[in-house]
Number of protein chains: 2
Amino acid sequence: MSSDGPRLRADARRNVEGIRTAALDVFRAHGLNSPLDEVARAAGVSKGTIYHRFGGRQGLIDAVVEELVAERILGIITAVRAIEDPVERFESYLRQIWLLQYDEPAANDVLLRALPGSEPIAALCEHASKVAGGFLGDAQATGAIRDDLTEEDVYLLIWERGIIARACDQQHRDGFVRSFEHTLRGLRAGS
Amino acid sequence: MSSDGPRLRADARRNVEGIRTAALDVFRAHGLNSPLDEVARAAGVSKGTIYHRFGGRQGLIDAVVEELVAERILGIITAVRAIEDPVERFESYLRQIWLLQYDEPAANDVLLRALPGSEPIAALCEHASKVAGGFLGDAQATGAIRDDLTEEDVYLLIWERGIIARACDQQHRDGFVRSFEHTLRGLRAGS
DNA sequence: AGGGTTCTTGACCATGACGTCAAGTAACGC
DNA sequence: GCGTTACTTGACGTCATGGTCAAGAACCCT
């Protein structure tokens, strides 16, 4: 997990770790678009060092995204898989993803695909979409979920919620939930 | 409609008109947060003149908001009032407002209450909310719309759609519609 | 310990926005 | 026409961001 070629000098290694940690904190709190100066300050280094070590925001994100987000998303998938009823499984998946988007701005940024050109992120999104598609199919097979719903619709719903979550700015959590429950009801067959 | 005290010099009057016109164009195209330089350029005037004549963005907005937005919103209210079926009236109101938000960034900004401290705008929003509340009540009385829905919920739905519309950036109109139809279905009773 | 190399720093440039004001320009009244 | 006054200009100051780089500091090896 930590073999990047030549071996760094002691201070450099220390800084890389410090920056990673700071980035985790800052990104978790304010999303992946936080000013890099803030990360630098939190790490007790200068901005230049981040550019030097990680090549800019994209590199920094790549370096922390796994720890920051992947496990949360994969955790949801795993947890939801255990639900037997396909409809409940599908709805639960959406609920959990939506809440994650609300609670973790960084996860939200990832799901919104707001980060062009990062391979691990793209892969993660791809996977999540496939999984969602599976859940959707199973749920539709029971007849309880509208069958004109597509995988793309599901992604759209997630995207929209993400945009909303981003604008909410840590308030109104119950309004957020209340409102996505309306949408969820609208996905059921026979309205 | 045009008696603001002392009477302006000819060039000033010309400029005020030009700026108003330019502001209508620019605001219509890019919303009420467009850079004032852009308005100035469109009016063939320098930025300073806008500040001089209108006192800044807020004043400029106040000067055009009526023509820009009020009539659209009031038009929708009037049109929708003519619908007899209360449920259809309520749903139609939401649809039209949502489309307006999508199509006119400026109207959206107004409905999002993104402009603090402008009296005419506040009044307009107030009025729209009251009207929406009325439509909601009538629709609920028929039993076809969930009765746990509040006027505040309706405002929330409008707010959320506005946020989404703002992020859409002139694409995906059908996705936008498709998705709000889901929400609309979720507002109906008995799901 | 000291020389050579790796790292870090923070001042610097750029962009794009808001808002101000002294100085220049144009209209008006006589 | 011409002086007076109203009006406009655009350069300037400010702030917040992204990003770079020469010069100085820290480290590591011998």
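This one's a predicted model, so the numbers in the text were calculated from it and none came from an experiment. We name chains A, B, ... by the order of the sequence lines, and we start the count at 1 in each one.
Between the A:E160 side chain and the B:I164 main chain, no donor and acceptor come within less than 3.5 Å of each other. No donor-acceptor distance shorter than 3.5 angstrom exists from the side chain of A:E104 to the backbone of A:V69, with no hydrogens or angles considered.
The side chain of B:P35 lies closest to C:dC18 when the candidates are D:dC7, C:dC18, D:dT17. Proximity note for A:T49 (side chain, C-beta onward) versus C:dT9, D:dC7, D:dG10: the nearest is C:dT9.
Residue pairs meeting the side-chain hydrogen bond (donor to acceptor under 3.5 Å, both in side chains) criterion with at least one partner in residues 125-138 of chain B, sequence neighbours excluded, are B:R89-B:D138.
Regarding A:H52, its NE2 atom lies at a distance of 12 Å from the P atom of D:dT20, rounded to whole Å. Summarising the geometry, the separation between OH on A:Y51 and P on C:dC7 is reported as 20 Å, rounded to the nearest angstrom. Atom-to-atom, CG of B:N15 to P of D:dG10 comes out at 13 Å; the value is rounded to the nearest Å. Summarising the geometry, the separation between CD1 on B:I50 and C1' on D:dC7 is reported as 15 Å, rounded to the nearest angstrom. Atom CZ in B:R41 sits about 11 Å away from atom P in C:dG16, given to the nearest Å. Rounded to a whole Å, the CD1 atom of A:I61 is 14 Å from the C1' atom of D:dG18. As a whole-Å value, the separation of A:E17 CD from C:dT8 P is 13 Å.
Positionally, the nearest nucleotide of DNA chain C for A:R13 lies more toward the 5' end than for the other of A:R13 and B:A10. Take the nearest nucleotide of DNA chain D for B:G44 and for A:D37: the residue whose nucleotide is more 5' is B:G44.
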What are the atom names and distances for every N/O pair under 3.5 Å that joins the protein to nucleotides 3-6 of chain C?
residue : atom : partner : partner atom : Å
C:dT6   : O2   : A:R9    : NH1          : 2.1
C:dT6   : O2   : A:R9    : NH2          : 3.4

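Taking side-chain N and O atoms only, B:R14 has a distance below 4.0 Å to OP1 or OP2 of C:dA27.
Closest non-hydrogen pair, B:V154 versus B:A132, comes out as CG1-CB, 4.1 Å. Nearest approach of B:V87 to B:T142, heavy atoms of both residues: CG2-OG1, 3.3 Å.
Between B:F180 and B:W98, the angle of the ring planes lies from 30° to 60°, which puts this pair in the tilted group.
Under the 3.5 Å distance criterion, with hydrogens and angles disregarded, a donor-acceptor pair is assigned to the side chains of B:R161 and B:S179.
Looking at B:K47, its side chain comes within 3.5 Å of the base of C:dG19 through a donor and an acceptor atom.
In this structure, A:R20 forms no cation-pi arrangement with A:F54, as its terminal cationic atom is not both closer than 6.0 Å to the ring centre and no more than 45° off the ring axis.
When the shell of 6.0 Å around CD of A:E181 is examined, it contains more than 12 heavy atoms from other residues, nucleotides or ligands.
Each end of the helix from C:dA1-D:dT30 to C:dC30-D:dG1 yields a helix axis from five base pairs, and these two axes differ in direction by 10° (to the nearest 10 degrees).
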